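As structure tokens, the structure follows; a few thoughts come after it.
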Amino acid sequence: MTSTKKSPPIPDTADLQPFSWLDKDLRSDPAAQFIAFVLDMSQGIHKCLSALHANTLLQEHGDPACPPLLNAFDTDVMFRWSLASTSTMAEKAQACVDYLNALQARQRKA
């Protein structure tokens, strides 16, 4: 026996759009995309380093009523994420610099 129910129509756009710092008209601009990427990553790194710093202060304080929130595994994950994030930002920045330098060299030749 087959069902006679029809599937609901598929909307043209999603109800929840991906978050972006950028205005709709800037989302295809490579420079704006890079700036938004750096903003996201730097905020994440800042949050990780702030948590790691607070955890270190709690460890140094040594109050049994207020133990550190992060264990060694969590601390390692946050440090490695921060390191990987800075490496990724540096790689993207280097690619932008290389592109701009190549563009400038082409313009000089023209």
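Because the structure is a prediction, the values reported are computed rather than measured.
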Side chain to side chain contact (heavy atoms under 4.5 Å, CB included) assessment of Asp74 paired with Asn71:
CA-CA 5 Å; Asp74 295 332; Asn71 60 31; 3.2 Å; yes

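- With rounding to the nearest 0.5 Å, the separation of CG in Leu39 from CZ in Phe34 is 11.5 Å.
- Across Ala51 and Met78, no two heavy atoms sit closer than the pair CB-CE, 3.7 Å.
- Annotation: the span from Leu22 atom CG to Ser28 atom OG amounts to 9.5 Å, rounded to 0.5 Å.
- The side-chain heavy atoms of Leu49 and Leu52, taken from C-beta on, include a pair separated by under 4.5 Å.
- Atom-to-atom distance recorded for Arg80:CZ and Ser87:OG is 13.0 Å, nearest 0.5 angstrom.
- For the atom pair Tyr99 OH and Asn101 CG, the distance stands at 12.0 Å (nearest 0.5 Å).
- Smallest separation of non-hydrogen atoms from Ser85 and Ile45: CB-CD1, 3.6 Å.
- Hydrophobic clustering of Ile, Leu, Val, Met, Phe, Trp and Tyr side chains at less than 4.5 Å, counting indirect connections, unites Leu70 with Phe79.
- A 4.5 Å side-chain heavy-atom check between Phe37 and Thr88 finds at least one atom pair inside the cut-off.
- Within the 3.5 Å criterion, the main-chain N or O of Leu69 finds a donor-acceptor partner in the side chain of Asn55.
- By the 4.5 Å heavy-atom criterion applied to side chains, His46 and Ser50 are counted as neighbours.
- Closest heavy-atom contact between Trp81 and Cys48: CE3-SG, 3.8 Å.
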